Undergrad: 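One structure coming up, written as structure tokens, with questions to follow.
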Amino acid sequence: MLRRSHTCGELREASIGQTVRLNGWVNAYRGHGTGLVFIDLRDRFGVTQVVFDGASLPPDTLNTADHLRNEDVIAVEGRVRARVGGENPKLPTGKIEIEVTALEVLNKTANPPFLPDDTASGGKLANEELRLRYRYLDLRRPSMQKALATRHKVYQVTRRYFDENGFLEIETPILYKSTPEGAREFLVPSRHVAGSWYALPQSPQLFKQILMVAGCDRYMQICRCFRDEDPRADRQAEFTQIDLEMSFVRRDDVVAMMEGFVRRLWKEMTGFDVPPIQRMSYREAMERFGIDRPDTRYALEITDISDLAAKSDVAFFKEALAKGTDRPKFNSLRGVVKAIRVPGGAEKLTRKMTDGYNEFVRGFGAGGCAVVKVNAAGEFETGIAKFLAPVKDELKAALSLQPGDTVLFVADTYAVCTKALGELRQVVARDMGVVPKPGSEGGPWNFLIVLDFPMFEKNKETGKWVAMHHPFTAPRDDQAEAFVAADVNDEVTIESIVSAGYDIVLNGQEIAGGSVRIHDPRVQSKVFTLLGLTPEQAKEKFSFLLEALQFGAPPHAGIAFGLDRLVMNFLGTSNIRDVIAFPKTQTGQDLMTGAPGPVTDEQLKDVHAKAIRPG
RNA sequence: GGGGCGGUAGCUCAAUUGGUUAGAGUACCGGACUGUCGAUCCGGUGGUUGCGGGUUCGAGUCCCGUCCGCCUCGCCA
């Protein structure tokens, strides 16, 4: 075999005159069969034009070259020369070509179902189902190669940064014990212990805390996590986290370490200098943006106008406000009226759009979305305009309204209003065209650290308290004593306790989350009590961790980044499958391998399991 | 589990209100062609319209069921 002396991406004018050998795939064929054939030869590193000239080649070589087709694998030997027919500015190698003296066909291809060409004739990629079926062909596309390389670089920067900061990379088990709260788990039957099962980890949470007890001081891992829940565009059942934990630290130490990581990562991946990241409390995020991961690249903030609404003549405002004043904060059934001012919305938001908003907020349980426009004269128009007359001036002042604005109102309980407007805000932002393009080209990177989450929230159906992060999340340092002292039936106080948890939000997307962990047994037992776990039940579920925490656990805290989402941001894609080499579909299938697939009765017998086949 | 969109040649798509033999580009095969770079020109092969059923004189088109893919709600401590 003619083994390569160079890759297909590296030859330049400086190499003119050299004899070289290239290996690669035929990316394009342009033939003048009787005497001249051009082949664009491709590998992971680039494309180089090679020329077969009938004037200087044996006829059979020219004939073989004339029958080369896309995706054939070949080796050529030849001389580098300046392009005779003019440069191709589209290629980095576009100033040179290889005048072939020898050709070896390493492997002819079957006719491929589609070509791995980002700029395919017709301009469109084959549909994703087909691309997943033939993943190895799709991965040959330069943009997919770039995605793999980008992901690789994220691994390298990550390992370097944490190594420099004294972290040990430690692997934790994939075959793990089921801990049934949280996400649904994938299960693996045990052969040795009949009737017992492993679970695949949702995250290495408990192990990394144990590693702190074990004196590892600082741990990191780029680890696979498994959650058997329905996927989304940015979510797969099998995904990758950058997982860490630190000893002898408090909240701000971890947050600072994370901020340093983000700054390093963005600098190395994009050249962007991340400015100091703003902090925002959960409460403020919910009040101003209606969501715990606000996209702060645009305004469109939410304003509570309950007081003014009470003085208006809008019947459904008053109905909503009458819904109760029972509890003052999160998850509240208190009736409120909230509004979003949309600058310039009067012109841009069509009736069809605003009708759509009405439907949209109903999906979150709201009765509807009222729309009022501010005309050139500064007067309210459409919908409920005349019923707002009594508070017209106050409302204009409260929302800083200008001619040409549209105002969107939702009236319902605090919880429903907040959720509905928080989601609606994002739709309106897209409709108004105020969302900058994400990705490394053009759009700003807008980071936010969200702090002071409530420790607990009420489950809507059961009415029971659930941990907002997880049961080992500590209260904020200044809240611990109040928490220990609090009456478990005092809902207002319990709800007001904030945790030492933190999320990092990028352009409205949660890219990392973590917390200081509980190392005080009094606090831990109070948490279990609130969650409705008896000491026996808690021990049953988390025995090894609780036991470990008794033997000199250092104060510790950690965080995990969603690696897939980081890579998505660097590539500017909203499709998580673009950043995973072998992703799964919405039903968790791998279209290339056919997983999941059947197993034999013998295999099942070995693991003491029996399949229930639908039928 | 719910909602939405989609499935027609290897691929990307078209096909009028239900109407004759389901078309185009591309790929592939054959031919022509010595400076192309989405090469060009000529010719050809290629179809269980995802699958099953129904309505109809007649179904790619309408109806029911089902499978697959994508988006989304629930879910994801």
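Atom set for the values below is all heavy atoms of this structure, side chains included, hydrogens, waters and symmetry mates excluded. If you're wondering where the values come from, they're calculated on a predicted model, not measured in any experiment. Letters go in sequence order (proteins before strands), and every chain restarts at 1.
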Undergrad: Which pair of non-hydrogen atoms, one from A:M568 and one from A:I576, has the smallest distance, and what is that distance?
TA: SD-CA, 3.7 Å
Undergrad: Distance check, P atoms only: B:rU61 and B:rU49, in whole angstrom units.
TA: 10 Å
Undergrad: Please report the distance separating the C1' of B:rU26 from the corresponding atom of B:rC62, rounded so that it comes out in whole Å.
TA: 33 Å
Undergrad: For A:T534, is there any backbone N or O sitting under 3.5 Å from a side-chain donor or acceptor partner on A:Q537?
TA: yes
Undergrad: Regarding A:E423, tell me which of base, sugar-phosphate or nothing describes its non-hydrogen contacts under 4.0 Å with the strands shown.
TA: nothing
Undergrad: Do A:D230 and B:rG74 have a side chain to base donor-acceptor pair shorter than 3.5 Å?
TA: yes
Undergrad: With a 6.0 Å cut-off on ring centres, are A:F542 and A:F472 close enough?
TA: yes
Undergrad: NA contact type, A:G94, heavy-atom cut-off 4.0 Å: base, sugar-phosphate, or nothing?
TA: nothing
Undergrad: Can you check the A:Q586 CD to B:rG1 C1' distance for me, whole Å?
TA: 14 Å
Undergrad: Under 3.5 Å, is there a donor-acceptor pair between the side chain of A:S515 and the main chain of A:R517?
TA: no
Undergrad: Check every atom of B:rG74, B:rG35, B:rG69 against the side chain of A:L591 and return the nucleotide holding the closest atom.
TA: B:rG69
Undergrad: With a 3.5 Å limit on both atom pairs, tell me what B:rU36 is paired to, counting Watson-Crick and G-U wobble, or say none.
TA: none
Undergrad: Please compare A:G588 and A:Q49 by the position of their nearest nucleotide in RNA chain B and report the one closer to 5'.
TA: A:Q49
Undergrad: Scan every strand shown for a Watson-Crick or G-U wobble partner of B:rC5, both distances under 3.5 Å, and answer none if you come up empty.
TA: B:rG69
Undergrad: Atom CG of A:N63 and atom C1' of B:rG31: how far apart are they, to the nearest Å?
TA: 13 Å
Undergrad: Would you say the rings of A:F207 and A:Y176 are close, in the sense that their centroids are separated by under 6.0 Å?
TA: yes
Undergrad: Pick the nucleotide of RNA chain B nearest each of A:K584 and A:S203; which residue has the one closer to the 5' end?
TA: A:K584
Undergrad: Using the C1' atom in both, what is the distance from B:rG43 to B:rU36, to the nearest Å?
TA: 23 Å
Undergrad: Quick check on B:rC29: is either OP1 or OP2 less than 4.0 Å from any side-chain nitrogen or oxygen of A:R69?
TA: yes
Undergrad: Whole Å only: how far is the CZ atom of A:F38 from the P atom of B:rA39?
TA: 12 Å
Undergrad: Report the base-pairing partner of B:rG60 (Watson-Crick or G-U wobble, both distances below 3.5 angstrom), or none.
TA: none
Undergrad: A:R235 side chain N/O closer than 4.0 Å to the phosphate oxygens (OP1, OP2) of B:rG74?
TA: no
Undergrad: Using the P atom as the reference point in each nucleotide, state the distance between B:rG44 and B:rG3 in Å, no decimals.
TA: 49 Å
Undergrad: Would you state whether a donor and an acceptor, one from the side chain of A:R83 and one from the base of B:rC37, lie under 3.5 Å apart?
TA: yes
Undergrad: So what does A:T179 touch, heavy atoms closer than 4.0 Å: a base, only the sugar-phosphate, or nothing?
TA: nothing
Undergrad: Nearest to the side chain of A:A126 - B:rA39, B:rC73, B:rU12?
TA: B:rU12
Undergrad: Could you tell me how far apart A:I39 (CD1) and B:rU36 (P) are, to the nearest whole angstrom?
TA: 16 Å
Undergrad: Between B:rG25 and B:rC67, how far apart are the two P atoms, rounded to whole Å?
TA: 38 Å
Undergrad: Classify the nucleic acid contact of A:D228 as base, sugar-phosphate or nothing, counting any heavy atom under 4.0 Å across all strands shown.
TA: nothing
Undergrad: Quick check: any donor-acceptor pair below 3.5 Å linking the side-chain of A:E359 to the base of B:rG3?
TA: no
Undergrad: Over all strands shown, is A:V466 touching base, sugar-phosphate only, or nothing at heavy-atom distances under 4.0 angstrom?
TA: nothing
Undergrad: Nearest to the A:H32 side chain among B:rG35, B:rC28, B:rC70, which nucleotide is it?
TA: B:rG35
Undergrad: Applying a 3.5 Å limit to both distances, which nucleotide forms a Watson-Crick or G-U wobble pair with B:rC29?
TA: B:rG43
Undergrad: Check whether any side-chain nitrogen or oxygen of A:R30 sits under 4.0 Å from OP1 or OP2 of B:rU36, and answer yes or no.
TA: no
Undergrad: Look at all strands and tell whether A:E128 reaches a base, only sugar-phosphate, or nothing, counting heavy atoms closer than 4.0 Å.
TA: sugar-phosphate
Undergrad: Provide, to the nearest angstrom, the distance between the CG atom belonging to A:L130 and the C1' atom belonging to B:rA27.
TA: 13 Å
Undergrad: Under 4.0 Å between any heavy atoms, over every strand shown, what does A:R42 touch: base, sugar-phosphate, or nothing? Just pick one.
TA: nothing
Undergrad: Mind checking the P distance from B:rU16 to B:rG60? Whole angstroms is fine.
TA: 12 Å
Undergrad: Got a donor-acceptor contact below 3.5 angstrom from the A:T93 side chain to the A:V47 backbone?
TA: yes
Undergrad: Just the rounded figure in Å: distance from C1' of B:rG38 to CG of A:N88.
TA: 11 Å
Undergrad: Verify the contact: side-chain N or O of A:Q589 to OP1 or OP2 of B:rG69, cut-off strictly under 4.0 Å; return yes or no.
TA: yes
Undergrad: Measure the distance from OH on A:Y29 to C1' on B:rA32 and round it to the nearest whole Å.
TA: 11 Å
Undergrad: Check whether A:Y29 forms a cation-pi arrangement with A:R69 (NZ or CZ under 6.0 Å from the six-membered ring centre, at most 45° off the ring normal).
TA: yes
Undergrad: Taking A:Q241 for its side chain and A:I222 for its backbone only, find out whether a donor-acceptor pair lies under 3.5 Å.
TA: no
Undergrad: With distance as the sole criterion, do the side chain of A:R133 and the base of B:rG10 form a donor-acceptor contact below 3.5 Å?
TA: no
Undergrad: Watson-Crick or G-U wobble partner for B:rA24, using a 3.5 Å limit on both distances?
TA: B:rU12
Undergrad: Give the rounded distance in Å between these two atoms: CZ of A:R184 and C1' of B:rG74.
TA: 11 Å
Undergrad: With a cut-off of less than 4.0 Å, is there a side-chain N or O of A:T585 near OP1 or OP2 of B:rC68?
TA: no
Undergrad: For the backbone of A:K584 and the side chain of A:Q236, can you confirm whether one donor and one acceptor N or O come within less than 3.5 Å of each other?
TA: yes
Undergrad: Where the side chain of A:H67 is defined as all heavy atoms beyond and including C-beta, which of B:rG30, B:rC33, B:rC76 is the nearest nucleotide?
TA: B:rG30
Undergrad: Say you pick atom C1' in B:rA59 and the same atom in B:rG53; how far apart are they, in whole Å?
TA: 13 Å
Undergrad: With rounding to the closest Å, how many angstrom separate the P atoms on B:rU66 and B:rG4?
TA: 14 Å
